[in-house]
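Let me begin by presenting the structure, written as structure tokens, before commenting on it.
Within every chain, numbering begins at 1; the chains are lettered A, B, ... in the order of the sequence lines, protein sequences first and strands thereafter.
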Protein chains: 2
Amino acid sequence: MGTITSNARGSAAESSEATRRLSSAPIADEIEFLLARARTIGIIRANQALEPLGLKVRHYVVLSLAASDLTPSQRELAEFLQLDPSQLVSTIDALEARGWVERKPSSEDRRVNVLNATPAGQQVLTQAQEAIVEAEDDSLCDLSVDEREQLRGLLKRISFR
Amino acid sequence: MGTITSNARGSAAESSEATRRLSSAPIADEIEFLLARARTIGIIRANQALEPLGLKVRHYVVLSLAASDLTPSQRELAEFLQLDPSQLVSTIDALEARGWVERKPSSEDRRVNVLNATPAGQQVLTQAQEAIVEAEDDSLCDLSVDEREQLRGLLKRISFR
DNA sequence: TTAAATACTTGAATTTGTCAACGATCGCGA
DNA sequence: TCGCGATCGTTGACAAATTCAAGTATTTAA
């Protein structure tokens, strides 16, 4: 992971000497840079939190969407998550192999697979959510409840429009 | 790249039918998810903006830090950007090959290379910054100046602490 | 009924990230 | 001063992730 990439290394938001020193650079004031850094830290923490369940963030997200009442198709998920359809295949394969989600051919269009979470999947999801909440709390511990709401609102506006 | 990964695909914040439909899922309210999505959109836009200059975001960030008066070492950059030291080697190689940065052995410790931007590098950086500002403006166009400041402040607090 | 388009899958190619090992250098303590 | 362990940058091998093109099945539209 890296601030500028997508991996997930390092011990999360550790403030090393170098980090402190370089954080006064102009780049550290750019919103895009901060977004990338915050995301990196968040993903590292989230992946750590999910590890006991044998999940990664991507699986968690797909499981969560499968468990919603939106019954998303694979194409919809690919679009929503901005992933290549083939990346979803392996993600769903992994979830399905453990009996947590099911591909269900759509009754309207037999090309389409709709995703459903199984009862076991929903149970895992509940545990995963608890782990995620804890990790998120860790990442956002400096922010008050109000500030978190503010942040959520601002991010939502730039994420969906 | 995807919301859950680090690549840079898709045409940025396009609101497809599927995206709109799935954005009502519970996951779309989680800050970590929104951070990931916002970053993805931002990186896509930024990479597009930098393409005419033959730069990617990672090069831009390193160039920007090299041009600061902090004269960072490679190790410091690796720590700050949470990258493997070897990833910095290739990034700096690329920048140095074009004459935009220089490795300068530190006078205090000859193991250490300190980075400096050349005049040509600073010139490119200026252009890159203009392109980035434009892209950022595109990403954040729904936010007022005040709101951008708010967002910057909140992100800074969760990114550095 | 056919042709084009879409959904999912597969596998190969490319890119990216991870890791261990190396030479050079530093710092510490004997 | 000498020598040992640690650090910095680099290299190259390995693993993982992303990207892309092609294939099958199915739908839609002509």
Side-chain angles (χ1 to χ4, degrees), chain A residues 1-11 16-18 36 40 43-44 47 51 56-59 61-62 66 71-97 101-115, chain B residues 1-11 16-18 21 36 40 43-44 47 51 56-59 61-62 66 71-97 101-116:
Chain A
M1 62 50 195
T3 297
I4 297 317
T5 207
S6 68
N7 38 341
R9 60 206 323 289
S11 42
S16 69
E17 180 58 27
T40 299
I43 293 238
I44 292 172
N47 274 329
E51 205 192 334
K56 293 202 168 183
V57 172
R58 185 177 295 176
H59 302 113
V61 171
V62 171
T71 56
S73 72
Q74 295 185 209
R75 184 193 56 78
E76 286 179 316
L77 288 173
E79 239 172 275
F80 185 60
L81 301 176
Q82 297 175 268
L83 294 173
D84 189 278
S86 67
Q87 293 177 285
L88 258 115
V89 171
S90 50
T91 305
I92 296 170
D93 281 350
L95 290 171
E96 200 170 32
V101 304
E102 286 175 335
R103 288 169 160 100
K104 235 184 75 183
S106 163
S107 51
E108 302 166 5
D109 184 339
R110 280 184 303 173
R111 290 171 304 182
V112 173
N113 286 340
V114 144
L115 271 206
Chain B
M1 67 67 193
T3 297
I4 298 315
T5 208
S6 68
N7 39 340
R9 60 207 326 290
S11 42
S16 69
E17 180 58 27
R21 197 175 90 76
T40 298
I43 293 238
I44 292 172
N47 273 330
E51 206 192 333
K56 292 202 171 182
V57 171
R58 184 176 297 177
H59 302 112
V61 171
V62 171
T71 55
S73 73
Q74 294 185 209
R75 185 194 55 78
E76 286 179 316
L77 289 173
E79 236 173 277
F80 185 61
L81 301 176
Q82 297 175 269
L83 294 173
D84 189 277
S86 67
Q87 293 178 284
L88 255 109
V89 171
S90 49
T91 306
I92 296 172
D93 280 351
L95 290 171
E96 199 170 32
V101 304
E102 285 176 334
R103 288 169 161 100
K104 232 185 77 184
S106 163
S107 50
E108 301 165 6
D109 184 339
R110 280 184 303 173
R111 290 170 304 181
V112 174
N113 285 340
V114 145
L115 272 207
N116 270 133

Sorted by number, the residues of residues 102-110 of chain B with heavy-atom contact under 4.0 Å to DNA chain C: B/Asp109, B/Arg110

Considering only C/dC8, D/dT19, D/dT10, which nucleotide approaches the side chain of A/Asp84 most closely? D/dT19

Rounded to the Å, how far apart are A/Asn113 CG and D/dA25 C1'? 11 Å

B/Leu88 CG - C/dC19 C1' separation (whole Å): 16 Å

How far apart are the C-alpha atoms of A/Val61 and A/Thr91, what are their side-chain angles, what is the distance that settles it, and do they pass the side-chain contact (heavy atoms from CB on, under 4.5 Å) test? CA-CA 10 Å; A/Val61 171; A/Thr91 305; over 6 Å; no

Value in whole Å for how far the C1' atom of D/dT10 lies from CD of B/Glu96: 13 Å

Quickly work out the A/Gln74 CD to D/dT26 C1' distance and round it to whole Å. 15 Å

Quick test: give all pairs of protein nitrogen or oxygen and nucleotides 4-7 of chain D nitrogen or oxygen below 3.5 Å, distance rounded to 0.1 Å.
| unit_1 | atom_1 | unit_2 | atom_2 | d |
| --- | --- | --- | --- | --- |
| D/dT7 | O2 | B/Arg111 | NH1 | 2.8 |

Using whole Å, report how far CG of B/Leu81 lies from P of C/dT18. 14 Å

Report yes if at least one side-chain N or O of B/Lys56 is closer than 4.0 Å to OP1 or OP2 of C/dT16; otherwise report no. yes

Could you list the residues that satisfy salt bridge (Lys or Arg N to Asp or Glu O under 4.0 Å) with A/Glu17, not counting sequence neighbours? A/Arg20

With sequence neighbours excluded, residues passing salt bridge (Lys or Arg N to Asp or Glu O under 4.0 Å) with A/Arg75: A/Glu79

C/dC8 C1' sits how many Å from A/Gln87 CD, rounded? 14 Å

side-chain contact (heavy atoms from CB on, under 4.5 Å) filter on B/Glu96, not counting sequence neighbours, yields B/Val101, B/Arg103

Residues at least two apart in sequence or cross-chain that pass salt bridge (Lys or Arg N to Asp or Glu O under 4.0 Å) with B/Arg111, listed by chain then number, are B/Asp109

How many Å lie between CD1 on B/Ile92 and P on D/dT10, as a whole number? 7 Å

Taking only residues two or more places apart in sequence, or in another chain, which ones meet A/Ser86 in a side-chain hydrogen bond (donor to acceptor under 3.5 Å, both in side chains)? A/Asp84

Is it the case that the base of C/dC19 and the side chain of B/Ser86 share a donor-acceptor contact (distance under 3.5 Å, atom types as modelled)? yes

B/Glu102: partners by side-chain hydrogen bond (donor to acceptor under 3.5 Å, both in side chains), with sequence neighbours left out: none

Rounding to a whole Å, what distance do you find between A/Leu115:CG and C/dA7:P? 15 Å

So do A/Gln82 and B/Ile44 actually touch side chain to side chain, heavy atoms under 4.5 Å? yes

Output all residues satisfying salt bridge (Lys or Arg N to Asp or Glu O under 4.0 Å) with B/Arg21, sequence neighbours left out; order by chain, then residue number. A/Glu76

